Amino acid sequence: MKRYPEYKESGVEWIGKIPHHWEVLKAKHVSSSNPSKNNPKTTCLKNEPVVFLPMERVHTDGTIDQELRLPYSQLKNGYTYFEEGDILIAKVTPCFENGKIVHIKNLATSVGFGSTEFIVIRPDLQRVFPPFLYYIFRSDSLRSIGRHFMTSAIGLKRVPTEFVENFQNLSTM
């Protein structure tokens, strides 16, 4: 791999040195989280079948099983909305620690819905290269640090959306 001509300290221990022209930014500055399902893509769906992803259809290798389709009208309330290009992060233990994190590519329907145990990250295409952001979210570093931020009211522990939004990553744009 070709090296950049000049590097600087990132200021973040787990990142180390970065190319001089890169920035260290929080995820919330290069993406949005849990976007609204009230948008032009959903207004005409009515009973159209869309991909439904319960947790067991998201695999730890970053792949998904899109075979399950349910009518939009059954999913629009109470489930997590996502679109092509979004990143889904399982927030519940042990799925978060095991890496149930996926970058939605080649979505079989116009939109999808999934478990309420997902955090949806929508990369800002002007600020970050989505596969790189996905790589950061899949990293052992994020999951290792995230374990310490997990909370529980009763039963299962969950990583808060704020942890993901405030996680520092890199931008070259």
Side-chain angles (χ1 to χ4, degrees), residues 25-140 142-143 145-146 149-151 156-171 173:
L25 299 170
K26 292 180 179 181
K28 67 184 176 184
H29 295 129
V30 296
S31 63
S32 58
S33 57
N34 300 321
S36 171
K37 58 185 119 184
N38 297 321
N39 65 57
K41 285 188 175 184
T42 61
T43 55
C44 62
L45 290 175
K46 300 190 184 359
N47 281 326
E48 185 176 325
V50 297
V51 169
F52 180 61
L53 293 178
M55 192 63 71
E56 62 270 12
R57 292 191 179 254
V58 174
H59 309 292
T60 58
D61 65 358
T63 61
I64 57 174
D65 174 355
Q66 298 190 54
E67 296 303 313
L68 181 57
R69 313 280 171 90
L70 295 174
Y72 167 75
S73 60
Q74 289 181 17
L75 301 173
K76 67 181 180 179
N77 296 316
Y79 292 100
T80 302
Y81 169 78
F82 60 88
E83 295 179 4
E84 177 77 20
D86 288 347
I87 299 168
L88 302 182
I89 302 170
K91 62 184 172 183
V92 66
T93 192
C95 300
F96 174 79
E97 296 96 328
N98 293 340
K100 286 199 173 202
I101 300 166
V102 64
H103 186 195
I104 301 295
K105 293 188 258 177
N106 302 312
L107 185 60
T109 57
S110 61
V111 301
F113 285 83
S115 167
T116 59
E117 298 294 353
F118 289 118
I119 298 169
V120 178
I121 299 296
R122 182 157 300 154
D124 178 342
L125 301 178
Q126 303 300 313
R127 304 277 330 226
V128 69
F129 183 55
F132 185 74
L133 188 59
Y134 168 65
Y135 170 79
I136 295 293
F137 287 137
R138 280 198 59 84
S139 72
D140 291 338
L142 175 122
R143 290 184 287 130
I145 295 167
F149 286 85
M150 294 183 106
T151 59
L156 297 175
K157 294 168 89 177
R158 290 170 179 82
V159 69
T161 301
E162 294 77 25
F163 166 75
V164 174
E165 291 172 333
N166 288 308
F167 198 77
Q168 293 181 313
N169 63 83
L170 305 172
S171 176
M173 301 177 166

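None of these values were measured; they are calculated from a predicted model.
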Mind checking whether Leu45 and Ser110 have side chains closer than 4.5 Å, heavy atoms only? yes

When you look at OH of Tyr79, are more than 12 heavy atoms from neighbouring residues, nucleotides or ligands closer to it than 6.0 Å? no

Compare all side-chain heavy atoms of Met150 with those of Lys91 and state whether any distance is below 4.5 angstrom. no

Which heavy-atom pair separates Ser33 from Ile121 by the least distance, and what is that distance? CB-CD1, 3.9 Å

So CD1 of Ile104 and CZ of Arg122: to nearest 0.5 Å the spacing works out to 11.0 Å

Closest heavy-atom contact between Pro130 and Ile87? O-CD1, 4.1 Å

Closest heavy-atom contact between Pro35 and Val120? CD-CG1, 3.7 Å

Any side-chain heavy atom of Val102 sitting closer than 4.5 Å to one from Thr63? no

Flag the pair Phe113 / Thr80 as yes when at least one side-chain heavy-atom distance between them is below 4.5 Å, and no otherwise. no

Test item: Arg69 and Val51 side chains (from C-beta on) under 4.5 Å apart, heavy atoms: yes

Taking all heavy atoms of Val128 and all of Pro123, pick out the closest pair and write down the distance. CG1-CB, 4.0 Å

Which distance, rounded to the nearest 0.5 Å, do you find between the NZ of Lys100 and the CD1 of Ile64? 12.0 Å

Main-chain N/O of Gly99 paired with Arg138 side-chain donor or acceptor, under 3.5 Å: yes

Cut-off 3.5 Å, side chains only: do Asn47 and Ser73 have a donor facing an acceptor? yes

Do you know the tightest heavy-atom contact between Val30 and Arg127? CG1-CB, 3.9 Å

For the pair Glu84 and Lys105, find out whether any cationic side-chain nitrogen is under 4.0 Å from an anionic carboxylate oxygen. no

Nearest-0.5 Å distance that lies between atom CD in Gln66 and atom CG in Asn106: 8.0 Å

Exercise: identify the closest heavy-atom pair between Gly78 and Thr116: O-CG2, 2.9 Å

About how many Å separate CD1 of Ile89 and SG of Cys95, when rounded to the nearest 0.5 Å? 13.5 Å

Taking atom types as modelled, is there a side-chain donor on Thr161 or Glu165 under 3.5 Å from an acceptor on the other? no

Given side chains that start at C-beta, do those of Phe118 and Val92 come closer than 4.5 Å, heavy atoms only? no

Can you tell me how far the CZ atom of Phe167 sits from the OG atom of Ser31, to the nearest 0.5 Å? 12.5 Å

Under 3.5 Å, is there a donor-acceptor pair linking the side chains of Tyr134 and Asp86? no

Please report the interatomic distance CG(Leu88) to CE(Met55), rounded to the nearest 0.5 Å. 9.0 Å

I'd like to know whether Lys76 forms a side-chain contact (heavy atoms from CB on, under 4.5 Å) with Thr42, so could you lay out the CA-CA distance, the side-chain angles of the two residues, the decisive distance to 0.1 Å, and finally the verdict. CA-CA 9 Å; Lys76 67 181 180 179; Thr42 61; over 6 Å; no

Name the residue from Asn34, Asn39, Asn38 that meets the side-chain hydrogen bond (donor to acceptor under 3.5 Å, both in side chains) definition with Tyr81. Asn39

Hey, are the side chains of Phe96 and Leu142 touching, using non-hydrogen atoms and a 4.5 Å cut-off? yes

Any heavy-atom pair between the side chains of Val159 and Ile119 that's under 4.5 Å? yes

